Protein chains: 2
Amino acid sequence: MPRLRDVAIRSDVSVSTASRALTRPDMVASETVERVKRAAKELGYQPNLLARSLRTRVTRLIGLLVSDILNPFHATLAKGLQDAAFDHGYSLLLCNTDEDPDKELTYLRLFRTHQLRGFVVVPTENSAGLLSAIGELPVVEADRTSGLPGFHAVLADNQEGTEAAISHLIAFGHRRVAIIAGKLSITSGSERLSAYLGAMERAGLPVDPGWIVHGDHREQGGYLAARALLSLPPERQPSAWFVINNEMTAGAVRAILEAGLQIPRDLSLIGFDDSRWAQLMHPPLTVIEQSPYDMGYTAGKILFDLFERGPTPPGVLRLATRLLERASVAAPAPAQLGS
Amino acid sequence: MPRLRDVAIRSDVSVSTASRALTRPDMVASETVERVKRAAKELGYQPNLLARSLRTRVTRLIGLLVSDILNPFHATLAKGLQDAAFDHGYSLLLCNTDEDPDKELTYLRLFRTHQLRGFVVVPTENSAGLLSAIGELPVVEADRTSGLPGFHAVLADNQEGTEAAISHLIAFGHRRVAIIAGKLSITSGSERLSAYLGAMERAGLPVDPGWIVHGDHREQGGYLAARALLSLPPERQPSAWFVINNEMTAGAVRAILEAGLQIPRDLSLIGFDDSRWAQLMHPPLTVIEQSPYDMGYTAGKILFDLFERGPTPPGVLRLATRLLERASVAAPAPAQLGS
DNA sequence: CACGCTCCTACAATCGATTGCGACAAGACT
DNA sequence: AGTCTTGTCGCAATCGATTGTAGGAGCGTG
């Protein structure tokens, strides 16, 4: 690989002039710039970013830390961030933690050793303890917050979305609405649960404690939570479920199908976050749509802003949600109305 | 951030000894090693990989170039590669090209400027011309090959998979089997098409030219191809479709539902590559399952092998496929048997 | 005691860029 | 003619690590 020195020799200038000709052309005579550029092109010169970054103390690398890129929500977020990175001339280091604190710590360290400029993280339960250790690196949290002060965050408007979901169910006549909730230590989980409780209370509807089950945000967790709901005695059965994320919704659907129930005849269902399978399943699933792509793109923009303008007072940005009415919600069967 | 110099001063040795104590402890008195390590820990020292890589001329970065990380196939492949990278102490740069040759070229250049050690690519039509330009960088192709000689590749056993699909349909009594094929310039597409033709011929079944439609490997392409099939005159209608990738299968399903047809009553369907929606849709889709995770992991292993052992004669590794029988294939209705 | 040997350690060069500063020439101005 | 600008360009230091080589300490041996 040709070095800057080769370009300099070929265009008969010093290395410093060659450097300036390529990066700050206004400081060099235009005729010289031309000569240097031509030489660079002829040699196929590509600057060594390691050397440049070492000298300037600035890289053009950012990171993304998610628990699982297989979750379409994360994949879409990754794409949004990647596009933002591309638009700003940055490259993206992708890291899956699999919810493993050791991996998470390893990656966080890696971010520092690789001299990343900053990163975006979808925090997990363990993140809070770890993030406080990384120090001065600019960070933007997406989807959830670790609860730590000082971080910028881009989140969905969980309250608005949840309320829309519950209102939708109530409008169909449901009075017995269950929730497959998540971990309280994860903000998206706790916010959606409390919005559910608020919406039910405002509607004057009692909530059976058995209607609140907690999953681990993964498919299997949703499945187990659904089984718990299905095993409630008949007189306590809810007529509709609200599931707080897409993975658990998939698990819940699996459990429902296994139990031989039909949606929405026997049970109405509404999920948080859209996905292809939600559109294609039978019946198509009514969901609260979020914008993971925008979330990623926006998180990126905030990050780049941070790079340019320096530290900013941290703020939380809420992205709107939207009710996508499809066919998994219907009026409850008379027998289900209960007391 | 503390530098090695700080560690050296604190442990009262020279920078070079500090360096050796941390990276080649056998060359330094164990008592000194101890002292240096302690100092490093106390200071929270993290080596600057830019400087190290600049000096050693070797980074621990690899890249992944895919057209679209939103495709679960690519996402899963990415995860496999990421896990392989983690296991070998490498980090992964993720790049989406969106099938845009400009982006692809930009990223390829980026790989060189970032001094990546090598990369994995799922080639597109444009890749062939570009890959030849990147020179000496180790590359492993996944899922498809660009057709260029000299590259290692990890592919699905397209012939085996396609034959299993067609045999399955034939075993159910289908004689009129259509294919939604891809671009011939993409090997996975051409291989699956020719395997289809071979299987039909060996079964002694004629193929109506109208039964072969080409899509662009994306959802919309599958939709359009499906519309083309559905608009064939009744006497030329196939009783079963084989779709060569998951995105186009989704589009095809959309078109079928729009047309008010029922699977498998009116039409049997079998897709290549499994996905969650294929499991959850109604009816669950019979598919040829591939192992994108293994593909990514294996591609990574080949790449790391290349790093360690130096250039190897390029080879093509085929990963087995498996027929996942679900419920989208049934015997054709008598009226469909045709002539 | 001189010599050679083995261990350790330090000095200094090096990777490939960027950049502060000074040198120099050409032109403007007094 | 002398001085001052202005515009270009080169020298050399620098970023933070790694590593070839040389030198010194400690020890055993003849």
Side-chain angles (χ1 to χ4, degrees), chain A residues 1-40 43-61 89 109-117 136, chain B residues 1-40 43-61 89 109-117 136:
Chain A
M1 285 253 293
R3 297 166 305 166
L4 191 53
R5 199 158 86 84
D6 303 318
V7 176
I9 291 172
R10 178 177 256 259
S11 46
D12 201 38
V13 293
S14 71
V15 178
S16 42
T17 301
S19 170
R20 277 189 275 256
L22 295 175
T23 59
R24 301 159 67 171
D26 52 306
M27 293 183 68
V28 176
S30 59
E31 192 268 341
T32 311
V33 170
E34 214 40 59
R35 219 169 59 238
V36 173
K37 281 191 175 164
R38 185 148 29 83
L43 290 171
Y45 169 73
Q46 306 269 103
N48 183 325
L49 258 34
L50 294 178
R52 171 180 293 172
S53 294
L54 177 60
R55 175 61 227 242
T56 61
R57 313 179 63 93
V58 169
T59 64
R60 288 188 152 270
L61 281 175
R109 273 207 241 276
L110 212 65
F111 285 173
R112 281 186 61 187
T113 56
H114 274 297
Q115 312 295 120
L116 292 213
R117 189 86 188 270
E136 59 298 344
Chain B
M1 285 254 293
R3 296 165 307 165
L4 190 53
R5 198 158 84 83
D6 303 319
V7 175
I9 291 173
R10 178 176 256 258
S11 46
D12 202 36
V13 294
S14 73
V15 178
S16 43
T17 301
S19 170
R20 277 190 271 256
L22 295 176
T23 59
R24 302 158 68 169
D26 52 306
M27 294 183 66
V28 176
S30 60
E31 192 269 339
T32 311
V33 170
E34 215 39 60
R35 218 169 59 239
V36 173
K37 281 191 175 164
R38 184 148 29 85
L43 290 171
Y45 169 73
Q46 306 270 103
N48 183 327
L49 292 186
L50 295 178
R52 170 180 294 172
S53 294
L54 177 60
R55 176 60 226 245
T56 60
R57 311 179 63 94
V58 169
T59 63
R60 289 188 152 269
L61 280 176
R109 272 208 241 277
L110 213 63
F111 285 174
R112 281 187 60 188
T113 55
H114 275 297
Q115 313 295 120
L116 293 212
R117 188 88 189 267
E136 59 298 343

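Given the structure is predicted, the values throughout are model-derived calculations rather than measurements.
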For nucleotides 23-25 of chain D, print each protein N/O atom paired with a nucleotide N/O atom at under 3.5 Å, atom names and distance only.
none

Kindly give the atom pairs (protein nitrogen or oxygen, nucleotide nitrogen or oxygen) under 3.5 Å for nucleotides 15-19 of chain D.
residue, atom, partner, partner atom, Å
dC15(D), O3', R57(A), NH1, 2.7
dC15(D), O2, R55(A), N, 3.4
dG16(D), OP1, R57(A), NH1, 2.6
dG16(D), OP1, R57(A), NH2, 3.0
dG16(D), OP2, R3(B), NH1, 3.1
dG16(D), N2, A51(B), O, 3.2
dA17(D), OP1, Y45(B), OH, 2.8
dA17(D), OP1, N48(B), N, 3.1
dA17(D), OP2, L4(B), N, 2.3
dA17(D), O5', Y45(B), OH, 3.4
dT18(D), OP1, R52(B), NE, 2.8
dT18(D), OP1, R52(B), NH2, 3.2
dT18(D), OP2, S19(B), OG, 2.4
dT18(D), O2, R55(B), NH1, 2.4
dT19(D), OP2, R24(B), NH1, 3.2

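Remark: S14(B) pairs with S16(B), T17(B) by the side-chain hydrogen bond (donor to acceptor under 3.5 Å, both in side chains) rule, at least two apart or across chains. The side-chain contact (heavy atoms from CB on, under 4.5 Å) check on R3(B) picks up R5(B), D6(B), with sequence neighbours excluded. Under the rule for a side-chain hydrogen bond (donor to acceptor under 3.5 Å, both in side chains), R55(A) has no partner lying at least two apart in sequence or in another chain. A search for side-chain hydrogen bond (donor to acceptor under 3.5 Å, both in side chains) contacts involving R117(B) returns Y90(B), not counting sequence neighbours. A search for side-chain hydrogen bond (donor to acceptor under 3.5 Å, both in side chains) contacts involving R60(A) returns nothing, not counting sequence neighbours. Residues that satisfy the side-chain contact (heavy atoms from CB on, under 4.5 Å) test with Q46(A), not counting sequence neighbours, are R109(B), R112(B), T113(B).
A distance of 9.0 Å separates CE of M1(A) from CZ of R57(B), quoted to the nearest 0.5 Å.
Interface residues of residues 25-40 of chain B facing DNA chain C, ordered by number: M27(B), V28(B), A29(B), T32(B); criterion, heavy-atom separation under 4.0 Å.
Applying the salt bridge (charged side-chain N to carboxylate O under 4.0 Å, His left out) test to pairs two or more places apart or on separate chains, those with a residue in residues 8-18 of chain B are R10(B)-E42(B). Applying the side-chain hydrogen bond (donor to acceptor under 3.5 Å, both in side chains) test to every pair with at least one member in residues 23-36 of chain A, sequence neighbours left out, gives these pairs: E31(A)-R35(A).
Q115(A) has its side chain within reach of N48(B): a pair of non-hydrogen atoms, C-beta onward, lies under 4.5 Å apart. Within the 4.5 Å cutoff, the side chain of L49(A) has no heavy atoms near those of the T59(A) side chain. The shortest side-chain heavy-atom distance between V36(A) and V28(A) does not fall under the 4.5 Å cut-off.
When the C1' atoms of four end pairs are superposed on the next four at each end of the helix from dC1(C)-dG30(D) to dT30(C)-dA1(D), using five pairs per end, the two resulting axes differ in direction by 70°, to 10°.
What separates CD1 of I9(B) from C1' of dA10(C) is a distance of 14 Å, to the nearest Å.
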